Amino acid sequence: MGMLALLHGASSSEVRLLQIAEVDHFAQRVRLGKRPHPVPLDPASWTVLQRCLAHRDAWPTENPHVLVTKGTKPGRSPASTAYLSHILDDCGFPPRVLRSTRLVDLVNTLDPKLVAASFGMDPQAALIYLADHVDEGRLPAL
């Protein structure tokens, strides 16, 4: 969860609902939420995902989701929202902070409309991540 949130701006919902069928092992990418294109994973994120899948495979389950808990193992439902909200308690940062950090970086260095399109967001939603900072290098000389 942490790697997908920090490096790929994945929301808790995108990770919670991610299913095995949405993992492309050949291209090393995943389909996250409403994003228009699959997300290619960097080597570190791919390694973490492989560890998660190996852990999941150790449990006999028919659950189609990547994240399976003791409570969801016998069924087909995704992990609970509460589970995802506390999954990173040990690192001291909730998933939404990691996602927001990535989105702030992207929106402030790229075109917010492009970021919104690539994340499957409404363009207005991306604007809330604009920092209250003016890059002096982008202003015309007076």
Side-chain angles (χ1 to χ4, degrees), residues 1-57 59 61-142:
M1 172 67 215
M3 294 292 284
L4 290 176
L6 184 61
L7 298 179
H8 304 284
S11 69
S12 292
S13 177
E14 289 174 328
V15 174
R16 187 172 78 84
L17 299 175
L18 180 62
Q19 295 189 9
I20 299 294
E22 298 165 330
V23 177
D24 182 344
H25 292 271
F26 180 73
Q28 295 187 349
R29 61 187 184 183
V30 295
R31 184 158 291 283
L32 292 174
K34 297 178 183 176
R35 296 185 189 195
H37 303 286
V39 177
L41 298 182
D42 59 283
S45 297
W46 184 252
T47 299
V48 169
L49 178 61
Q50 292 307 299
R51 286 182 182 170
C52 182
L53 292 172
H55 175 76
R56 182 195 179 285
D57 288 344
W59 289 11
T61 182
E62 296 294 320
N63 192 311
H65 296 90
V66 171
L67 286 180
V68 177
T69 67
K70 289 178 185 176
T72 63
K73 182 177 94 168
R76 299 186 60 78
S77 62
S80 70
T81 304
Y83 177 83
L84 265 289
S85 68
H86 293 288
I87 200 168
L88 297 175
D89 283 353
D90 289 345
C91 81
F93 296 99
R96 63 180 171 72
V97 170
L98 298 178
R99 172 182 160 83
S100 295
T101 299
R102 183 63 177 150
L103 289 174
V104 163
D105 180 54
L106 290 172
V107 167
N108 283 281
T109 56
L110 303 170
D111 182 345
K113 288 184 179 182
L114 290 175
V115 174
S118 66
F119 279 77
M121 299 168 61
D122 180 88
Q124 293 297 323
L127 295 179
I128 65 168
Y129 294 100
L130 282 173
D132 190 18
H133 171 75
V134 176
D135 183 354
E136 300 293 334
R138 293 187 183 194
L139 295 176
L142 297 176

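Note that the structure is a prediction, hence the values are computed from the model and not measured.
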With a 4.5 Å limit on heavy-atom distance, are the side chains of [X] and [Y] in contact?
| X | Y | value |
| --- | --- | --- |
| Ser45 | Leu49 | no |
| Ile20 | Leu53 | yes |
| Leu114 | Leu110 | no |
| Val30 | Glu22 | no |
| Thr81 | Arg16 | yes |
| Tyr129 | Leu106 | no |
| Val66 | Val23 | yes |

Hey, is the main chain of [Y] close enough, under 3.5 Å, to the side chain of [X] for a donor-acceptor pair?
| X | Y | result |
| --- | --- | --- |
| Arg56 | His65 | yes |
| Thr47 | Pro43 | yes |
| Asn63 | Pro78 | no |

Can you measure from [atom1] ([X]) to [atom2] ([Y]) and round to the nearest 0.5 angstrom?
| X | Y | atom1 | atom2 | result |
| --- | --- | --- | --- | --- |
| Ile128 | Ser100 | CD1 | OG | 7.5 Å |
| His37 | Leu32 | NE2 | CG | 13.5 Å |
| Gln19 | Arg76 | CD | CZ | 7.5 Å |

Any idea which heavy atoms bring [X] and [Y] closest together, and the distance?
| X | Y | value |
| --- | --- | --- |
| Cys52 | Leu67 | SG-CD2, 3.8 Å |
| Lys73 | Trp59 | CD-CE3, 3.4 Å |
| Ala116 | Pro123 | CB-CA, 3.7 Å |
| Tyr83 | Ser80 | N-OG, 3.0 Å |

field: Pairs meeting criterion side-chain hydrogen bond (donor to acceptor under 3.5 Å, both in side chains) with involvement of residues 25-36, two or more places apart
entry: Glu14-Arg35, Asp24-Arg29
task: For the pair Val48 and Leu4, evaluate side-chain contact (heavy atoms from CB on, under 4.5 Å) and give the outcome as yes or no after the intermediate values.
output: CA-CA 9 Å; Val48 169; Leu4 290 176; over 6 Å; no
